[in-house]
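One structure below.
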Amino acid sequence: MKNIKLAGLNGNGRTIVKVRDVKIGAGFIVIAGPCSVESEEQLLKTAHAVKEAGADMLRGGAFKPRTSPYAFQGLGLKGLKILEKARDETGLPIVTEVLDTRDVSWVSEYADVLQIGARNMQNFSLLKEAGKSNKPILLKRGMYSTIEEWLNCAEYILNEGNPDVILCERGIRSFETYTRNTLDLSAVPAIKELTHLPIIVDPSHGTGKLSLIESMSLAAVASGSDGLILEVHVKPEESVSDKDQTLTPEQFSAIMKKVRPLSAFMGELK
Ligand code: PEP
Ligand code: MN
């Protein structure tokens, strides 16, 4: 692959991204939480529930990239303050999306990991700004992007001096309509043979369907993924975004009870 200079394998082993006490790329990690931060009560209850079920980090969007300008756009600063409170109460590091170059530096003061979403994967100004941040970046694969294009985007961040990039496979658009996206799990071993960066999988956006999330989470573990990111809400039926793919804490806990032993078994096979 041309011009994948910093992200490409370099003989120095695999990158481990440290986020407080969590190490991404060393052992299997799980990030869980709602699609959007909606209220203090919703986020805190969800945060405690995912912590109880064994999550390593908390997700929640304060800035939402919505298809319609009339849909809920996120709580912004208020949402970040709620995330901060959830981190204080649970100890879980927080992952949150940043949509705008103007927000990168101040959102970094709240977030432990900045997410760049699928729709912004090739927003080169945002990538450069993220590269100047001192926070790790969770770079989701664009829904129309090849692996090569995705790695070039990681390269933009690395090239600005930020070494901490975590890739996230979240499904790509295909002719299939039964699922929201087509989760490309072959990207996981492909990424491992092309780069030293860690990669996690998002079966929530990758399938868009509750009934498929457990199977694809287990398949992600078997594919060699370094972790999962899953949407969980204390009351999914009240979720303002991505309701159809949002797990209850009980469903999340049931998945975790299978994911943990499977990842331990995978570790033994190495
Ligand atoms: C999200 O994580 O809520 C999100 C919007 O994801 P993606 O960018 O993968 O669609
Ligand atoms: Mn979502």
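Positions are given from 1 along the sequence. Order of appearance sets the numbers: ligands from 1, and atoms from 1 within every ligand. It should be emphasised that the depicted structure is a prediction, and the values quoted were computed from it without experimental measurement.
Side-chain contact check for E231 versus L247: every heavy-atom pair is 4.5 Å or farther apart. Side-chain contact between R14 and L9: present, with at least one pair of heavy atoms (C-beta onward) separated by less than 4.5 Å.
The ligand atoms of ligand 1 that sit less than 4.0 angstrom from a heavy atom of C35 are 3 (O). Set against the non-hydrogen atoms of E231, the atoms of ligand 1 under 4.0 Å away are 3 (O). Close approach of ligand 1 to G117 (heavy-atom distance below 4.0 Å) involves ligand atoms 8 (O).
Residue Q115 has at least one nitrogen or oxygen atom sitting less than 3.5 Å from a nitrogen or oxygen atom of ligand 1, judged on distance alone. Taking any N or O of R119, backbone or side chain, at least one lies under 3.5 Å from an N or O belonging to ligand 1. The shortest N or O to N or O distance between A118 and ligand 1 is under 3.5 Å.
Note on R141 versus E169: salt bridge recorded, some NZ/NE/NH1/NH2 to OD/OE distance being below 4.0 Å. Using a 4.0 Å cut-off between charged side-chain N and carboxylate O, R87 and D112 make a salt bridge. The pair K258-E214 counts as a salt bridge, with a side-chain nitrogen and a carboxylate oxygen less than 4.0 angstrom apart. Under 4.0 Å is where a charged nitrogen must lie from a carboxylate oxygen, and between K140 and D202 at least one such pair does. In this structure, R20 does not pair ionically with D56, as no charged nitrogen and carboxylate oxygen lie closer than 4.0 Å.
Looking at D242 and the Mn ion (ligand 2) together, the shortest N, O or S contact belongs to OD2. Distances from the Mn ion (ligand 2) to the N/O/S atoms of H205 are shortest for NE2. Among the heteroatoms counted here (N, O or S) of E231, OE2 is the one nearest to the Mn ion (ligand 2).
Heavy-atom minimum distance, E149 versus T146: OE1-N, 2.9 Å.
The shortest contact between atom 4 (C) of ligand 1 and any protein heavy atom is with H205 NE2, 3.5 Å. Nearest protein heavy-atom contact of atom 6 (O) of ligand 1 is K140 NZ, 3.0 Å.
For the pair K64 and F72, the cation does not sit on the ring face, since its NZ or CZ is not both under 6.0 Å from the ring centre and inside 45° of the axis.
Contact annotation: for K64 versus ligand 1, heavy atoms closer than 4.0 Å belong to the side chain alone.
For the residue pair H233 and T246, no side-chain donor N or O sits within less than 3.5 Å of a side-chain acceptor on the partner.
Compare E97, R141, R170 by their heavy atoms: the one nearest to atom 7 (P) of ligand 1 is in R170.
The shortest heavy-atom distance from G61 to ligand 1 is not under 4.0 Å. Residue R59 places a heavy atom under 4.0 Å from ligand 1.
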